[in-house]
Every structure is written in structure tokens, then in C-alpha cells.
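Worksheet: one structure, shown below.
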Amino acid sequence: MARVVILGSSAAVPEAGRENSHLALDGTHGAILIDCATTPVVRLQQAGIDPARLRAIIVTHFHPDHTYGLSILLLDLWLLGRTAELPLYGPAHCLDRVRTLMDLYGWEQWTGFYPVSFHPVEEREGAAVLENEDFTITASPGSHTIPCIGVRVHAKASGRVFAYSSDTSPSAAIIRMAQGADLFLHEATGSGPGHSTPVQAGMAAREAGARRLLLIHYPPGTDREAWRAEAEAVFGGPVELVRDLSEYPL
Ligand SMILES: [Zn+2]
Ligand SMILES: [Zn+2]
């Protein structure tokens with residue numbers, strides 16, 4: 001059965017035991033990484049995912065806490081012997097900067113480097129991202145300080161729907177994206193531009209008619225039970241603050 005594995009759960013500042021927010025979709029036919037923090041090869045191994053099974057990477061936006069692991073991952077996959085093309089998906093704003101960053105590292109000179117392809121995701125609601133044997137993935141723009149997408153994942157085998165807000169302040173587009181989701185993973189960073197409080201995440205889940213709300217991107221030292229209860233009071237359904245390496249069936 002497919003699953004989503006939380007590889008990191010923290011906001012931009014991590015803490016012991018909690019890395020920056022990123023996750024993996026693990027299907028029967030391979031894995032897809034959503035955002036890329038920390039040392040991904042190690043994190044994937046800890047999650048029981050062979051890095052060689054990576055089929056695609058989706059980067060939601062070009063903030064360091066969501067992208068800083070990408071350059072070392074691309075390098076490591078080459079050193080581990082990857083030859084298959086690796087497609088990258090995300091807003092054009094983000095992909096352009098990833099390409100510039102890799103150019104600064106001189107990746108053109110890496111002999112025998114596998115092909116990396118860039119697939120900009122349109123900045124509109126319900127934009128197609130990718131489809132494979134396991135998943136159909138679409139995206140909608142959130143409301144953040146730079147272009148950023150949330151994703152909706154349809155697991156083909158089970159019919160279950162998983163939605164991930166990425167970083168966003170309360171957003172009607174993200175709520176529409178998550179309509180009827182079995183699992184809605186919403187950020188809860190607290191008050192501040194481009195982010196949401198646990199109460200706002202709970203309201204989003206209620207308006208989306210989601211079955212279960214998972215909170216991610218919460219800051220170090222969060223009173224987890226208090227935030228869970230705040231979100232649950234407005235959502236009216238089950239709420240959980242995710243932890244690193246927790247996983248959920250899709
Ligand atoms: Zn972030
Ligand atoms: Zn951000």
C-alpha cells in the first residue's frame with residue numbers, strides 16, 4: 001500500500017529530533033519527494049526508502065528550509081550510480097533558482113551526470129503536476145511570501161486523497177484544493193505573513209470537508225497538545241501534529 005512519510009516536521013528553525021518540513025510519497029512503483037531539506041539520502045534510508053527508487057522531486061517554493069537539501073541529493077544520487085532521468089516539478093520561480101544554484105556548483109562539469117529535467121507547474125488552481133502508476137498529482141497556488149504551491153495527491157490503488165498546503169496563510173485556493181481530502185496536511189507556523197495558526201489550519205480543514213487534519217511546520221518548543229486542541233475545536237474532526245518519520249497509509 002502507498003504511504004506518505006513525514007521526513008521533517010519543523011518550521012524554518014529545526015530542533016533536536018525535528019528537521020525542516022519535507023515528505024515522501026512512497027508507492028509500489030517508486031517514491032516522490034516533496035521538498036528537500038536536511039541530508040535526504042540519510043533521511044530516505046531512515047524512512048525505509050531506497051534513494052534509487054526516487055522517481056521525481058516536487059519543490060513547493062524556493063525558501064531554504066524547503067530546498068537546501070536538493071543540491072547534495074542531486075550530487076549523491078550521481079555518486080550512488082543513478083543513470084535514470086530525474087524530473088523536478090515546481091513553480092517556475094523556484095525551478096529557475098534551483099537551476100542557477102546548480103550552475104554555481106558547476107554541475108555541467110560532473111562527468112556522466114544523469115539527466116535532470118525541469119517541469120514548471122502552472123500558477124493556477126488544479127494545475128497538472130504529474131501522473132504515474134501510483135499517483136495523480138495536481139497543484140494550486142497558496143498565499144505565501146514568494147510563489148508557492150500546495151499539492152493534491154490521488155492514490156490510484158486506494159482512491160484516497162492526500163492534500164498538503166505547504167507554506168501558506170489562509171487560502172481559498174488551498175481549501176478548494178483539499179476538498180474532501182482523506183488526509184489534509186496543513187502548515188501551522190503561527191501568526192505571521194504567509195503562514196497560518198493552528199486555528200486557521202482547523203478552519204481550512206473544516207471548510208475543505210477533510211476527514212483528518214495533520215499539522216506540520218510547527219515551530220520548536222510548541223505546546224503540541226494545546227495546538228492540537230485549538231485546531232480540533234474549530235475543525236471538529238481528528239487532528240494530529242505530525243512527527244519526523246511518522247507515516248500514514250494512502
Ligand atoms: Zn517553510
Ligand atoms: Zn516558505
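Atoms within a ligand are numbered from 1 in the order they appear, just like the ligands themselves. If you're wondering where the values come from, they're calculated on a predicted model, not measured in any experiment.
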>> Under 4.0 Å between a side-chain nitrogen and a carboxylate oxygen: does that hold for E133 and R55?
In response: yes
> Does H186 have its ring centroid less than 6.0 Å away from the ring centroid of H217?
Replying inline: no
> Are H66 and H22 close enough that their ring centres sit under 6.0 Å apart?
Replying inline: no
>> Please verify the inter-ring angle class for F113 with W78; under 30° counts as parallel, over 60° as perpendicular, anything in between as tilted.
In response: perpendicular
> How about S9 and R18: does a side-chain donor come under 3.5 Å of a side-chain acceptor?
Replying inline: yes
> Do the charged groups of E125 and R176 touch, with an N to O distance under 4.0 Å?
Replying inline: yes
> Sorted by chain and residue number, which protein N/O/S atoms are under 2.8 Å from the Zn ion (ligand 1)?
Replying inline: D65 OD2, H66 NE2, D167 OD2, H217 NE2
